[in-house]
Amino acid sequence: MGIEIRKAKQSDVELLAWAMFESSRTNKAIGLFDLIFEPADDEQLLKKLRNLAQTDTKSYCHYSNFLVALEDGREVGVLCGYEPRITKNDTLSKALLELGIDESYKERIAPYNSCMLELDRQTWMLDFMEVKDDAHELSILKELVQKSLLSARLKGYRKVQTLVEIGSAEVQLTYKKLGFDVIDEKQSDEYFSTFGSLGIVRLGMHL
């Protein structure tokens, strides 16, 4: 059957929560969502992420922004593609409020924001790119990215970008194989002390 790409459905939230969890942690003890939700354990965090993926407010974490890859009928990969001009920061705040998380979360994520690069509202953003360990990673990611970029072009976008951690060599290499180049990066001591990484690097390409 090969690789098939489809839009995510609400019934996919468990898979999407896994992708957000894995992507935000990237082999770290904690990630952005740990700071937001302050979970008691990993299972509680996954539950929170499942809920975040299906709030009435459509933040960038909403299931409607995701694609799912299937290999021989099995769900093996996930990618999020969103428009910063629509999924603004306040949409995440509204979605979190639905889950009982008030504005105080912004103080907790200050270490993350210390390295946040300003998003171009005219750029299509990719996030939460994950593939199951036993799947054909590069070929699946290539199909996911190509499908997402097709949507971007149809919406009039001519640039695509993504943000990854400095030091995530494998992730950066994958994006480079897919045609992305490093644009810039941002470092901070606060980010390093919290996450153990120097900061964030931005990669992009023209469509």
Side-chain angles (χ1 to χ4, degrees), residues 5-26 31-33 36-37 48-69 75 77-99 101 105-106 109 112-113 115-131 140-165 168 171 174-175 178-180 183-184 186 200-207:
I5 308 296
R6 65 166 172 79
K7 288 185 65 65
K9 302 174 289 188
Q10 189 168 1
S11 57
D12 294 314
V13 292
E14 185 171 352
L15 177 68
L16 308 185
W18 162 81
M20 288 189 280
F21 178 91
E22 292 292 332
S23 181
S24 66
R25 285 279 184 88
T26 55
L32 173 64
F33 295 116
I36 291 174
F37 291 111
K48 297 287 187 181
L49 292 172
R50 289 195 293 271
N51 292 336
L52 180 60
Q54 51 186 325
T55 53
D56 290 336
T57 302
K58 293 184 179 181
S59 73
Y60 75 102
C61 300
H62 194 265
Y63 73 85
S64 60
N65 293 318
F66 285 80
L67 295 173
V68 174
E75 296 162 349
V78 170
L79 179 65
C80 175
Y82 65 94
E83 302 173 79
R85 64 184 180 85
I86 295 176
T87 54
K88 305 170 187 175
N89 287 337
D90 60 340
T91 61
L92 178 60
S93 295
K94 290 177 182 177
L96 290 172
L97 193 59
E98 289 184 38
L99 304 180
I101 306 296
Y105 84 90
K106 292 182 178 179
I109 66 171
Y112 181 83
N113 284 338
C115 277
M116 178 48 60
L117 294 156
E118 186 175 353
L119 301 183
D120 182 349
R121 297 291 177 85
Q122 303 306 313
T123 297
W124 183 262
M125 291 297 299
L126 298 182
D127 206 343
F128 309 129
M129 183 172 71
E130 291 292 329
V131 172
I140 290 169
L141 293 179
K142 185 176 181 180
E143 293 292 332
L144 280 166
V145 170
Q146 287 181 345
K147 183 70 171 181
S148 185
L149 298 191
L150 176 60
S151 296
R153 291 187 187 96
L154 290 174
K155 292 176 182 290
Y157 287 91
R158 294 297 175 261
K159 293 185 295 183
V160 58
Q161 296 178 0
T162 189
L163 304 175
V164 302
E165 280 194 325
S168 300
V171 178
T174 298
Y175 272 114
L178 295 171
F180 287 71
I183 298 173
D184 54 11
K186 191 171 183 179
I200 293 176
V201 59
R202 172 166 31 201
L203 301 100
M205 65 181 293
H206 290 278
L207 301 180

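Note: hydrogens, waters and symmetry copies are ignored here, and every other heavy atom, side chains too, is used.
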Between Y157 and E83, do the side chains contain a donor N or O and an acceptor N or O under 3.5 Å apart?
yes
R6 and E75 ion-paired at < 4.0 Å:
yes
Could you check whether any side-chain N or O of T123 sits under 3.5 Å from a backbone N or O of K159, counting only pairs where one atom can act as donor and the other as acceptor?
no
Would you give me the side-chain donor-acceptor pairs under 3.5 Å for residues 14-24, sequence neighbours excluded?
residue : atom : partner : partner atom : Å
S24     : OG   : M20     : O            : 2.9
S24     : OG   : F21     : O            : 3.1

In short, L149 meets M205 closest at the heavy-atom pair CD1-SD, 4.1 Å
Mind running side chain to side chain contact (heavy atoms under 4.5 Å, CB included) on L163 and L117 for me, showing each step along the way?
CA-CA 8 Å; L163 304 175; L117 294 156; 4.1 Å; yes
Could I get the full list of side chain to side chain donor-acceptor pair (under 3.5 Å) partners for E130, not counting sequence neighbours?
none
Are S148 and W124 close enough that a side-chain donor and a side-chain acceptor fall under 3.5 Å?
yes
Between C115 and K186, the two heavy atoms sitting closest are SG-O, 3.3 Å
For S11 and Y63, which I'm curious about, is there any donor-acceptor pair between the side chains at under 3.5 Å?
no
Whether R158 side chain and Q122 backbone form a donor-acceptor pair below 3.5 Å:
no
Salt bridge (Lys or Arg N to Asp or Glu O under 4.0 Å) against D56, all qualifying residues, sequence neighbours excluded
none
By side chain to side chain donor-acceptor pair (under 3.5 Å), which residues pair with K94, not counting sequence neighbours?
none
Output all residues satisfying side chain to side chain donor-acceptor pair (under 3.5 Å) with Q146, sequence neighbours left out; order by chain, then residue number.
none
Would you please say whether a donor-acceptor pair under 3.5 Å links the side chains of T55 and E98?
no
Nearest heavy-atom contact between V68 and L144 is C-CD2, 4.1 Å
Taking K48's backbone N and O only, do any of them form a donor-acceptor pair with N51's side chain (distance below 3.5 Å, no angle check)?
no
Could you check whether the rings of F66 and F128 sit parallel, tilted or perpendicular, using 30° and 60° as the cut-offs?
parallel
Side chain to side chain contact (heavy atoms under 4.5 Å, CB included) for V164 and L203? Distances and angles first, verdict last.
CA-CA 8 Å; V164 302; L203 301 100; 3.5 Å; yes
Taking only residues two or more places apart in sequence or in another chain, which ones pass side chain to side chain donor-acceptor pair (under 3.5 Å) with D90?
none
Apply the test side chain to side chain donor-acceptor pair (under 3.5 Å) to residues Y82 and S59: give CA-CA distance (whole Å), side-chain angles for both, the deciding distance (0.1 Å), then the verdict.
CA-CA 9 Å; Y82 65 94; S59 73; over 6 Å; no
